[in-house]
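Below is one structure, written out as structure tokens; comments come after it.
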Amino acid sequence: MPLILPSLRLPAEEWSAHSVEAWESTIEKSSSLQTGLDHGDKFSEVLRDLKYAISDIHAEKIRQIISTRIGARAITQLWIEDSEIRKKTLNPKSLTFLVRSQKPRISHIPLLNLVHLFFHYFDQLDKKLIEQEVDISDSLVGIIKEQLDLLPDQKLPNNFSLLHNLKRSAIFLIALDAPAFVVKETKNRSIELADYFKEMGLSGFDQGRFGDICRALYYLDILKELPSGEYHKVFAELEKPDVNKAAFEGSFRIGHKAIEILVDRSSSDPGDSWRNFILDVAGDPRIASSDLNYRQWWQPLGEERIEKVRGWLSQEDLKLFLKAVEQHGVESGDQNLQRMFPARKKFLEGLFEQGVIKTTRLMLGLKAKQGVHQVLGGKMNTSHIDLRGSNLSDKAVIYLNCGDFHIIQGSHNFKIWLYLNTPSRLVTDYGITSLDNTSLTSIIPREYRVNNPELPMVDITHHQNTWRNRVIQFLADNGIELDIEKLMTKTDYDSYIRRFGMPVVSLLRK
């Protein structure tokens with residue numbers, strides 16, 4: 001007996017928009033799966049042929065392959081997966097040929113691959129070709145925007161369509177300044193970066209280079225609001241080279257912007273956390289202007305910021321010098337040095353407190369340097385001059401540019417040398433990285449006398465009861481007035497006035 005089925009009756013009402021959208025999505029997925037099944041072997045064959053053509057530099061064969069739909073998919077996939085092929089073949093010319101070969105536009109998968117390239121590698125795509133800087137990012141941005149614009153408009157909105165979401169937001173998201181836009185959006189709407197990417201259908205793309213830069217820019221906003229001198233965990237992220245060397249604006253890197261924010265926000269030395277972060281990223285600015293690190297990091301920040309940071313480091317040099325002197329006094333058991341140290345420390349700190357000290361240069365012998373490293377726990381960020389010779393091995397010396405006068409003084413039996421003008425380029429040229437005893441005690445004084453025949457100088461031995469008076473009197477005799485009360489403790493000041501009286505400042509240089 002034959003089986004009789006009831007007749008098929010379609011529903012009278014029309015399908016809802018939601019049902020049509022779901023059905024179209026199912027058809028699209030099914031078609032993609034079928035295509036993959038039909039062309040899996042063929043795609044693998046094209047990939048293999050394309051790799052051979054690239055390795056043999058067979059330009060005609062390469063063009064022939066990537067002019068096909070499956071070849072376009074293959075080359076864009078290789079650009080994502082193979083760094084060597086990306087270096088050899090990804091350039092504005094190949095991108096232009098790729099899209100012109102596909103009519104009327106490239107298909108979805110190659111376009112998605114290009115989008116992946118953009119978000120995953122972003123600023124890391126640029127390279128040099130034939131000694132000429134070629135900006136691949138610019139070309140890629142233009143092509144993706146052009147191809148998104150060629151996409152047919154959706155008849156029914158589908159918030160899960162990545163390409164159509166990008167089409168609506170291409171002007172903001174497919175751009176080299178897009179990370180700044182994304183960060184601004186997340187802050188204005190008080191949402192997390194991952195939530196924004198999910199909302200835009202870009203989940204996963206926040207793990208590439210684009211997302212890294214978005215996070216770095218978010219860190220910069222934190223620096224703008226961070227209380228002066230306070231440490232924040234974003235410092236650890238910004239110290240990473242792949243973060244601080246990321247593009248910000250033009251040739252300005254994110255590290256440049258971070259340093260600019262901290263320097264501009266600080267009217268004076270902000271303390272260890274900010275200072276150490278700046279030095280960890282950019283190094284000490286007191287190096288030769290021809291040095292690569294100086295040109296890469298400090299030159300773009302401008303002379304005013306450089307001088308400001310050098311001023312901070314002068315105070316740091318002073319601290320390190322005093323630590324070296326104190327350390328030597330303790331380790332050597334030198335009682336005279338230990339007795340004189342508090343007065344020397346107060347005198348130098350008093351000069352700094354009066355704003356007299358403009359710049360400094362620290363000089364360390366091998367043993368003195370080891371002592372400073374020991375005190376600092378092995379880390380020393382600031383630059384210094386190496387003192388050569390066994391007779392300087394345990395010594396620390398410091399040069400102080402005080403504007404109207406200049407001081408070179410050192411630990412234990414090293415004299416105080418006072419000059420009324422810059423003594424020598426040996427202590428001011430940041431390209432000079434080492435000196436010996438002859439340079440400090442013979443060559444520099446001789447250069448000063450030759451270049452300044454009418455200006456006196458003096459070298460003063462550190463006698464406990466007279467050295468301060470000799471320094472103060474020499475400066476007063478040459479028209480330089482200091483607030484001497486700030487150069488001594490109250491007890492020492494009272495004793496000084498009783499013994500020497502208030503110094504009379506000459507009108508010679510006033």
Salt bridge (charged side-chain N to carboxylate O under 4.0 Å, His left out) pairs touching residues 455-468, sequence neighbours excluded, are Lys415-Asp459, Arg468-Asp492
Are there more than 12 heavy atoms of other residues, nucleotides or ligands under 6.0 Å from atom [atom1] of [X]?
{"X": "Ile57", "atom1": "CD1", "answer": "no"}
{"X": "Tyr231", "atom1": "OH", "answer": "yes"}
{"X": "Tyr218", "atom1": "OH", "answer": "no"}
{"X": "Lys346", "atom1": "NZ", "answer": "yes"}
{"X": "Glu303", "atom1": "CD", "answer": "yes"}
{"X": "Lys187", "atom1": "NZ", "answer": "yes"}
{"X": "Glu307", "atom1": "CD", "answer": "yes"}

Sole residue of Arg253, Arg305, Arg265 in salt bridge (charged side-chain N to carboxylate O under 4.0 Å, His left out) with Glu260:
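Filter result, single survivor: Arg305.
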*asked:* Please give me the minimum heavy-atom distance between His256 and Pro300, naming the atom from each residue.
replied: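 Of all heavy-atom pairs spanning His256 and Pro300, the closest is NE2-CG, 3.8 Å.
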Ring-face cation of Arg86 near Tyr121 (centre distance under 6.0 Å, axis angle within 45°): yes
side-chain contact (heavy atoms from CB on, under 4.5 Å) filter on Phe172, not counting sequence neighbours, yields Phe181
